[in-house]
Amino acid sequence: QVQLVESGGGLVQAGGSLRVSCANSGRTFSASAMGWFRQAPGKEREFVAGITPDGYTSVYEDSVKGRFTVSRDNRKNMLYLQMNSLKPEETAGYYCAAPPAYSDYIGSRDCEYTYWGEGTKVTVSS
């Protein structure tokens, strides 16, 4: 059973930075693309970023390009999301997600992921 546990959320001022992490267990982490999503109160969950199994290719939602960086450490089974120049409207729960099977494909829809963490809350104050 795949388990994902996010950490690193917190309160940050607008323009600040934060790094959230996701610990993976239960299957071979290095064999799967991974994704980050976020969900703000009252809004639908949205794709933020994704990364291939080898970490060499990443994709981003347009509004975070140039500010967010997704990375992974396959030796430690860890996924990261570095967030810079944060905006108040990016206050949300941030979730990491894994697909149902080993895949190089980075999905951008939440239906393409089977395993989810509980999320970590990021609050950006104005």
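Looking only at distances, no side-chain donor or acceptor of Glu61 sits under 3.5 Å from a matching main-chain atom of Val48. One N or O on the side chain of Thr52 and one on the backbone of Thr57 form a donor-acceptor pair closer than 3.5 Å. Thr123 places no side-chain N or O within 3.5 Å of a backbone atom of Leu11 that could act as its donor or acceptor partner. Side-chain atoms of Tyr94 never come within 3.5 Å of backbone atoms of Gln39 as a donor-acceptor pair (strictly under, hydrogens ignored). No donor-acceptor pair under 3.5 Å is formed between the side chain of Glu118 and the backbone N or O of Glu6. A distance-only check finds a donor-acceptor pair linking the side chain of Thr91 to the backbone of Pro88 [under 3.5 Å].
Side-chain contact between Arg38 and Tyr95 is absent, with no heavy-atom pair separated by less than 4.5 Å. Side-chain contact between Trp36 and Ile51 is absent, with no heavy atoms from C-beta onward closer than 4.5 Å. Thr28 has its side chain within reach of Tyr102: a pair of non-hydrogen atoms, C-beta onward, lies under 4.5 Å apart. Side-chain contact between Tyr60 and Arg67: absent, with no pair of heavy atoms (C-beta onward) separated by less than 4.5 Å. For the pair Gln13/Leu86, no side-chain contact is recorded, criterion being any heavy-atom separation below 4.5 Å from C-beta on. At a threshold of 4.5 Å between non-hydrogen side-chain atoms, the residues Tyr113 and Phe37 count as touching. Side-chain contact between Val122 and Met83 is present, with heavy atoms from C-beta onward closer than 4.5 Å.
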Assess whether side chain to side chain contact (heavy atoms under 4.5 Å, CB included) is satisfied between Glu90 and Phe68, documenting all intermediate values.
CA-CA 12 Å; Glu90 294 178 313; Phe68 288 18; 3.7 Å; yes

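Side-chain N/O atoms of Tyr105 and Glu112 include a donor and acceptor closer than 3.5 Å. Under the 3.5 Å distance criterion, with hydrogens and angles disregarded, no donor-acceptor pair is assigned to the side chains of Ser30 and Arg75.
Note on Phe47 and Leu81: separate hydrophobic clusters, where clusters join Ile, Leu, Val, Met, Phe, Trp and Tyr whose side-chain heavy atoms are under 4.5 Å apart, directly or indirectly.
Cation-pi geometry between Arg72 and Tyr80 is not satisfied (NZ or CZ under 6.0 Å from the ring centre, within 45° of the ring normal).
Note: Ser17 OG to Gln82 CD = 5.5 Å, rounded to the nearest 0.5 Å. Met34 contributes atom CE, which lies 10.0 Å from atom CG of Asn74 (distance to the nearest 0.5 angstrom).
For Glu89, the salt bridge (Lys or Arg N to Asp or Glu O under 4.0 Å) test picks out no residue, with sequence neighbours left out.
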